[in-house]
Protein chains: 2
Amino acid sequence: MPLRPHKVTRLKDVAERAGVSTATVSRVLNDHGPASEEARSRVLRAVQDLDYHPNWLARSLRGRRTNTIGLVLPDIENPFFTSLVKGVEQAASAQGWNVIFCNTDEDIRREEALVRTLIDRKIDGLILCPTAGPHDYMAPYMERRLPVVTVNRALRDFPLPAVTSDNLQGAYEATRHLLAKGMRRLALILGTPNLSTTEDRLAGCRRAAQEFGLAPEDLLLTVGHARTAQGFQAAQDCLDMSPRPQAIFAFNNLMAEAALMAIHRRRIRCPADIALIGFDDFRSAAALTPPLTVVEQNPAGIGTRAVKELTRIIATGEATQALHLIPTRLIIRASCGCTAPAA
Amino acid sequence: MPLRPHKVTRLKDVAERAGVSTATVSRVLNDHGPASEEARSRVLRAVQDLDYHPNWLARSLRGRRTNTIGLVLPDIENPFFTSLVKGVEQAASAQGWNVIFCNTDEDIRREEALVRTLIDRKIDGLILCPTAGPHDYMAPYMERRLPVVTVNRALRDFPLPAVTSDNLQGAYEATRHLLAKGMRRLALILGTPNLSTTEDRLAGCRRAAQEFGLAPEDLLLTVGHARTAQGFQAAQDCLDMSPRPQAIFAFNNLMAEAALMAIHRRRIRCPADIALIGFDDFRSAAALTPPLTVVEQNPAGIGTRAVKELTRIIATGEATQALHLIPTRLIIRASCGCTAPAA
DNA sequence: GGTCCAGGTGTAAAGGATTACATAAAGCAC
DNA sequence: GTGCTTTATGTAATCCTTTACACCTGGACC
């Protein structure tokens, strides 16, 4: 028995059953152009009877519009991006848009291939979180004026609109919080170099340091590359410094968790011996011992905002180079040495 | 300036440039049917020169094949499903398939709407994790012989192939582990009722209990509905029992974490006063205090296996009702009262 | 009664690929 | 030279909708 992958009821069948032409059926269904009450009701009736559903492929081919946007992210397993996906999905489906999602695994070549595939599939627009590396491949698409919005990370090579957290402000507030408690030896575990997120966060730390009269080089820098293993290593490097830093500020969720594990492993007390703050909240942050103080981001908000901006570009045809900053919030739990507010 | 959402180079343009017919171009490009070396090279050259990329919509419309599978899951924010998505994506793209992913939020009506949309979009097959509730809406699709594979949860109403964890065996081993340590008062925090996962896991617990001479009713049951808030409540109920259970077995990751928080909140010591085991490992499980003993599942493996099965069904046209069990593994950390093996 | 307009409808041409079928040329055996 | 097969190619139909255009009818108006 062969599978019948595609439906067989066609617009033509509806037309025949209703005793009208295909044009009339189409006009009724799309509410586009005139149609008598008589014809309208007969068409609707026929659609019901036959359980007709339009062929999306034919419709898109003819209409040059797929109502689909592509979403290309580095790592879906990072809960930050997971929530971003969800935000995008909800905002998109609320407006009748579909989303095709892809994973680059932080591989620029894979990113290029995925974007290519999505464009071949005639997406109407693209939401992209660019991987580190040169984005020359984007040039032809830019000329074609493909609607693109970048999220989380801004791309310097091309003038594209970007929706990101207010990384500078978030890092500034976290750093200021530690400095205000009198700490002066602060160690930072940086994310992937040359990414706008890493640089903006570092700039925020530096601004706070300056306000408290520290020189830029007073901040102790290690590089964790945003991944658990390297974050763990970087945290160990911090703990090996002498004198030991009074606080560690890890630039993402994975590294903050890794840092806490490194601290536990050494049997150093947190926050008594060393304070810890992470960038980006995550589900388990409050369940850890001690509960983690973090800079909360709003990934779903970034997603919905990106959809909003993208659909605007698609509708109006005018792209701006605007940078949309989504606010962050410092969530004070116990790991920074404060007692958490009543839970 | 209007946006040009679609590319303009057509097969016809390639044909003209190469000085051959469209049929020849198509034959060369798809390696389907004969073509002289002369024609072949000229076509390939023209494709290069014009940077031609076939229109996927037209190709799919004509070919009655989209090389796309739909993936419908309850909750992408649960890391279990996140990994499952990743597994599906990798397996699919390795075989040249695309994936459209959707979220039901455990809402059966939304599930129905999403499946409808995917079918309208002419997916070649569907991977579905069914939400609790009656699946009558599936009947017409079954008649149409749409290739479907369910994952994680089996659907009883319809004879569909399913790929799930070996839930019974996993729960059996975890329970046996606790019983073997001499514990007898075991509290279970169950997931959503009427789901095959919940029932299979419960069956596993019962089998172990029976082997150790316990009656089924000796197992202390609470219902957490698989969510954090209700899991927390259920854990509190467990802690309120008197005498207090010697161990809690939470039927998913969220509820295990919630249970640990409830234990901490009461200042009860884990594992000294009460042991804890969770079903499903998650990123932070090892970072918690104490590190959580869990039944590890293999969500990515479930995903790849589902893709394999689905593509087989699409290719051969023959669907079976087979149940594919993916093994689980008990990861012993500290929360069950054992000292974790050297990390 | 003739003109104009509006509303309603149908015919046929896109949209861009694949492919059944027809045709032509070439190779080979007799 | 004839007939048959094989290879290469082109023409046109097909997939299913949307929509430009032409047409027709009937009413309003002069």
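Values below: all heavy atoms of this structure, side chains included; hydrogens, waters and symmetry mates excluded. To find a chain, count down the sequence lines: A is the first, B the second, and so on, and within it residues start at 1.
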Next item on the list: Could you check A:N98 against B:R121 for side-chain hydrogen bond (donor to acceptor under 3.5 Å, both in side chains), going step by step and ending with a plain yes or no?
Entry: CA-CA 10 Å; A:N98 282 108; B:R121 293 188 65 144; 2.8 Å; yes

Margin query: Evaluate B:E77 against A:S83 for side-chain hydrogen bond (donor to acceptor under 3.5 Å, both in side chains), listing each step before the verdict.
Written below: CA-CA 7 Å; B:E77 290 193 293; A:S83 300; 2.8 Å; yes

Note to self: Between A:D105 and B:K86, is the side-chain contact (heavy atoms from CB on, under 4.5 Å) condition met? List the steps.
What the structure shows: CA-CA 10 Å; A:D105 287 319; B:K86 197 159 186 188; 3.1 Å; yes

Note to self: Apply salt bridge (Lys or Arg N to Asp or Glu O under 4.0 Å) to residues A:D120 and B:R59 and explain how you reach the verdict.
What the structure shows: CA-CA 11 Å; A:D120 286 351; B:R59 186 197 282 253; over 6 Å; no

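For the pair B:R59 and C:dT18, the criterion of a side-chain N or O lying under 4.0 Å from OP1 or OP2 is met.
For the pair B:L11 CG and D:dT14 P, the computed distance is 19 Å after rounding to whole Å. Atom-to-atom, CG of A:L57 to P of D:dT17 comes out at 10 Å; the value is rounded to the nearest Å.
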Can you give me the N/O atom pairs linking the protein to nucleotides 24-27 of chain D at distances under 3.5 Å, or say none if there are none?
none

Collect all protein-nucleotide pairs involving nucleotides 5-8 of chain C in which both atoms are nitrogen or oxygen and the distance is under 3.5 Å.
none

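The base of D:dT17 has none of its N or O atoms less than 3.5 Å from a complementary donor or acceptor on the side chain of A:R62.
Each of B:V163, B:I302, B:N78 was compared with B:L84 under the side-chain contact (heavy atoms from CB on, under 4.5 Å) criterion, and only B:I302 meets it.
Within residues 18-28 of chain B, the residues approached by DNA chain C to less than 4.0 Å at the level of any non-hydrogen atom are B:A23, B:S26, in residue-number order.
For the pair B:S36 (side chain) and B:A39 (backbone), a donor-acceptor distance under 3.5 Å is present. The closest donor-acceptor contact from the side chain of B:T164 to the backbone of B:L325 lies at 3.5 Å or more, if one exists at all.
A side-chain N or O of B:R305 and one of B:H324 form a donor-acceptor pair less than 3.5 Å apart.
Both B:H32 and B:A58 sit near DNA chain C, but only B:A58 has its closest nucleotide nearer the 5' end.
Here the CG-CD1 distance, from B:D136 to B:I108, works out to 8.5 Å after rounding to the nearest 0.5 Å. In this structure, CG in B:L128 is found 5.0 Å from CD in B:E111, a value given to the nearest 0.5 Å.
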